[in-house]
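So you know, we letter chains A, B, ... as the sequences are listed, proteins then strands, and number each from 1. Since the structure is predicted, the reported quantities are computational estimates derived from the model, not experimental observations.
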Amino acid sequence: MSNSPMILQMQNITKTFGPVKALTNVNLEIARGEIHAICGENGAGKSTLMNVLSGVYPSGTYSGTIFYDGKECNFKKIKDSEELGIVVIQQELALSPFLSIAENIYLGNERQKNGVIDWEATRADAIKVMQQVGLQENPDTKIMDIGVGKQQLVEIAKALSKEVKLLLLDEPTAALNDEDSAHLLQIIRDLRDNQGVTSVIISHKLNEIAAIANNVTIIRDGSTVGWLTNSKENPLDQDELIHKMVGRELTNLYPDHVSHIRDEIFRVENWTVHHPLDQQRVIVDHANIYVRAGEIVGLAGLMGAGRTEMAMSIFGHTYGSAVSGKVYVHGKETDTSTVQKAIGAGIAYATEDRKGYGLNLLQNIRENALLAALTKHSKHGVMDDGVERIAVEKYRKDFNIKTPSIEEQVSNLSGGNQQKVVLAKWVISNPDILILDEPTRGIDVGAKYEIYEIIDQLADEGKAVIVISSELPELIGICDRIYTVSQGVITDDVQKTKFTQEYLMKGMTQEKTQLKKVGE
Amino acid sequence: MSSASLTPQKKENIKKGSVLASFASNARQYGIVGALVVIIIVFEILTGGLLLQPNTIVQLIQQNAYVIILAVGMVMVIIATHIDLSVGSLVGFIGGCIALLMQNAHLNWFLAIIVGLLIGLLVGVWQGFWVAFVGIPGFITTLAGMLIFRGLATTMINASIPVNNTSFNAIASAYLPNILGWWGPFDGLSIVVGILAIVAFAWTQLRKRAKVSKVGLVPEPINATYIKIAIASVVIAALTFEFASSGNATQGGIPIMLVIVGVLVFTYNFILTRTVFGRRVYAVGGNRRAALLSGINTRRVDFSLFIHMGLLSAIAAIAMLSRLSSASAATGNSFELDAIAACFVGGTAVTGGIGTVPGVVIGAVVMGVINQGLSIMGVDSALIQTIKGLVLLLAVAVDIMSKRKKR
Ligand SMILES: Nc1ncnc2c1ncn2[C@@H]1O[C@H](COP(=O)(O)OP(=O)(O)OP(=O)(O)O)[C@@H](O)[C@H]1O
Ligand SMILES: [Mg+2]
């Protein structure tokens with residue numbers, strides 16, 4: 001091991017995908033034992049840089065040099081970089097849902113004796129690394145039975161099992177609520193302080209960066225545009241960071257918006273949903289909500305409170321079993337038991353899980369964006385190319401989807417830009433009632449503002465908008481009214497005047513035994 | 001926000017997209033075409049020029065029509081992540097039904113065809129029902145169908161039923177009438193159709209280009225379009241020459257089978273690329289849950305696909321029966337494998353979501369040319385099978401490698 005203070009130096013990294021130049025002469029220097037943040041807009045090239053470093057893109061497919069621990073490296077595959085202690089946690093989690101926590105931790109790195117898996121050692125070692133990340137679960141629990149927050153911890157435990165020296169985390173907190181995020185960040189800090197693990201973290205949540213990073217590298221349009229330091233004496237200037245990221249001032253995080261609220265157009269009564277496999281488990285419990293035209297209503301709750309489940313069960317019963325309750329659209333009782341019926345009634349649901357439920361990665365932007373509005377863009381069952389292209393092109397501009405053309409495969413887009421395609425798909429379908437589940441997940445600060453503007457505009461057009469978000473400031477910033485949800489029960493209906501994080505948290509954390517139900 | 005649009009430098013890079021780049025970006029499509037050209041040239045040399053004789057080409061089409069007919073349906077089924085193993089048995093079964101109707105029930109040949117098509121539709125409804133509404137995987141449903149219909153065919157046909165209706169038998173062996181007469185040694189109709197085809201191709205290419213720029217997008221470089229048109233013109237002209245000089249003293253020109261196959265290929269390509277239904281097929285194949293949550297009735301898509309497949313199996317059965325002039329219990333054996341092989345050679349993804357009609361047509365032609373070339377050379381048919389197997393493996397291997405490289 002060399003004694004240079006720099007654990008990693010990436011010099012003049014340039015990476016192209018056909019005609020698209022994703023990185024141009026990027027330089028990155030990481031000091032031993034620091035936590036280094038990389039910031040930049042969607043599509044700036046952050047994930048690409050991590051993929052270059054870890055060998056996902058083998059040496060030869062990019063130009064530039066990488067020095068790790070003082071030695072030049074030419075990784076041909078991910079295993080090569082892992083051998084030297086570089087571990088990436090990808091933007092999209094790569095765990096196997098049907099395997100247990102322990103099995104996932106040692107996946108591809110199995111504890112074995114003479115070619116046979118040593119289950120005792122697997123479990124014992126798994127418990128050890130799980131303790132290090134503060135994951136209190138049975139190692140035999142299946143991944144699909146734990147929340148995203150814990151899944152992230154499993155990923156980190158997996159990294160620890162590989163004797164990590166340099167940990168790369170690509171938007172690890174995008175899908176986490178504040179509490180889980182804070183926990184995760186503390187673990188990264190502990191790893192640094194106790195085991196000397198250096199971390200590189202990519203995130204669009206700037207206050208997290210301010211809380212954890214020692215240094216920040218900023219990338220814009222594939223080039224490094226600046227560095228900032230962050231310490232107790234010299235705290236990070238977030239405004240400066242934003243300025244460097246987006247290339248202009250951003251005075252407000254949320255647009256000023258005055259809602260013009262009209263008649264009620266959407267109402268759900270006594271909505272009850274059970275677990276899809278276990279009919280005894282109540283997931284949503286006699287929920288009552290209503291939304292008026294022009295109104296933006298938030299659903300605030302902790303992870304697992306049942307917000308997504310409620311939305312999906314309303315939207316064509318796509319979640320749960322034994323669904324009961326009534327839906328009224330424009331005052332008329334409406335059957336939403338299939339997705340076609342729900343869409344027909346003017347309801348749209350933009351999913352939080354873009355890879356699982358949102359996109360067809362094999363199709364291009366145009367085909368994905370139109371999927372929910374095929375018949376509207378066709379004549380006698382035949383697609384109208386021209387109309388189709390014009391429609392999608394308009395939304396590509398509105399949402400600022402960064403791409404050479406709408407004919408690009410969505411799998412080639414950056415994470416945030418994929419998210420925008422999901423949103424565009426539902427806006428194009430022109431619904432009356434729009435349920436947005438984590439609409440700004442993985443989206444950069446500048447683009448968030450634009451998405452809020454689009455939401456405001458939709459409300460102004462007289463649509464009813466429901467926003468599910470794990471970021472309370474976001475809900476407070478854009479909503480007219482917020483329902484708090486706890487353990488499947490709507491616990492409060494909070495008016496704008498009462499919006500504070502503390503007040504909302506009270507409703508979000510009420511215990512089931514002492515719950516009062518709203519609207520009964 | 002300015003930053004989200006491309007930097008000037010990037011725009012420059014894209015604009016530079018030369019003719020070469022435009023072709024390179026479609027390399028996967030052109031790869032298999034290139035392979036076909038090489039194979040044709042190799043066999044043309046090995047067979048001493050026999051491969052590209054007019055009558056060999058006509059024979060090639062008449063012999064392989066069933067593969068293309070089945071493959072255009074199979075590709076849709078595979079795109080939607082299913083598979084249909086029953087098509088071979090269906091060819092035998094429906095062929096047997098039509099033969100019985102004509103020979104024993106003395107039904108008019110045209111009516112017999114209609115009934116045959118209806119039987120195909122009904123079988124499609126039957127299989128589609130189990131797949132779409134009961135939820136039995138297509139693999140299992142059609143494996144059952146393969147056994148059921150082969151069994152029925154065998155019981156029904158016994159040894160064989162000869163068909164001696166000349167009109168019916170002409171479908172697979174005759175040509176379109178020489179309505180424009182012979183122009184020297186050439187069939188006039190073939191030449192007129194050939195010229196029309198070239199004009200139509202050029203026109204659609206230019207129109208497509210104009211449409212793209214009309215909606216404000218950057219079309220492919222004009223030279224690329226010209227090169228495409230030029231290559232297509234040469235190919236169509238060569239084929240026109242071949243057909244115009246095909247046949248014998250009494251008839252020649254465009255084989256009826258070519259018209260049937262051409263219409264089907266054209267129709268299904270249109271369905272898959274231009275219609276709402278086609279878009280849904282790709283959506284279901286690429287991500288079924290996302291398709292469902294976008295309001296697509298995935299069951300109805302599955303159901304329709306098996307109906308299409310049933311209909312196409314019936315058409316293949318008619319082609320086969322007409323060609324062999326007799327129905328036998330073994331007709332259509334392993335046809336499903338020929339169709340599936342054509343799909344995969346033609347670039348269809350095993351995991352669904354990807355595939356095109358032109359691709360599988362070329363896949364089918366590749367297999368057909370290899371078959372024909374080797375037969376002319378007098379290679380044993382068992383060995384031909386082995387070689388075809390290796391070609392399938394090679395084609396898919398190359399496809400996978402090229403995809404891996406692109407990363
Ligand atoms: N396989 C690919 N083919 C073509 N272009 C690609 C590919 N992968 C990435 N790109 C392009 O490279 C650029 C950088 O993408 P990257 O994923 O690194 O962005 P990012 O900074 O991680 O953004 P986000 O914050 O949205 O995750 C984008 O313009 C993207 O469209
Ligand atoms: Mg990224």
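Heavy atoms of B/I296 lying under 4.5 Å from chain A belong to its backbone as well as its side chain. With a 4.5 Å cut-off on non-hydrogen atoms, A/L361 does not touch chain B at all.
A/M383 pairs in a side chain to side chain contact (heavy atoms under 4.5 Å, CB included) with only one of the listed residues (B/V276, B/T275, B/T273), which is B/V276.
Summarising the geometry of A/K425 relative to B/S294, their closest heavy-atom pair is NZ-OG, 2.8 Å, with the distance given to 0.1 Å. Nearest heavy-atom pair across A/L362 and B/I354 is CD2-CD1, 3.8 Å. Closest non-hydrogen pair, B/A283 versus A/L371, comes out as CB-CD1, 3.5 Å.
Using a 4.5 Å heavy-atom cutoff, the side chains of A/Y357 and B/L292 are not in contact. With contacts defined as side-chain heavy-atom distances shorter than 4.5 Å, the pair B/R300/A/Q340 does not qualify. Using a 4.5 Å heavy-atom threshold, the side chains of A/Q363 and B/Y282 count as touching. Residues A/T318 and B/L293 form a side-chain contact, since some pair of their non-hydrogen atoms from C-beta on lies under 4.5 Å apart.
More than 12 heavy atoms of other residues, nucleotides or ligands shown are found within 6.0 angstrom of CZ on B/F270. The environment of B/K208 atom NZ is sparse: at most 12 non-hydrogen atoms of other residues, nucleotides or ligands sit within 6.0 angstrom.
In terms of heavy-atom pairs under 4.5 Å with chain B, the best-connected choice from A/S378, A/A373, A/A372 is A/A372. When the candidates A/T338, A/V382, A/N417 are compared by the number of heavy-atom contacts under 4.5 Å with chain B, A/V382 comes out ahead. Of the listed residues (A/E388, A/K355, A/R354), the one with the most heavy-atom contacts under 4.5 Å to chain B is A/E388.
A distance of 12.0 Å separates CZ of B/R279 from OG1 of A/T375, quoted to the nearest 0.5 Å. Taken to the nearest 0.5 Å, the CG atom of A/N360 stands 12.5 Å off from the CZ atom of B/R289.
Ion pairing between a basic and an acidic side chain is recognised when a charged N comes within 4.0 Å of a carboxylate O; A/D385 and B/R274 show such pairing.
With sequence neighbours excluded, the residues that form a ring-ring contact (aromatic ring centres under 6.0 Å, His included) with B/F133 are B/F303.
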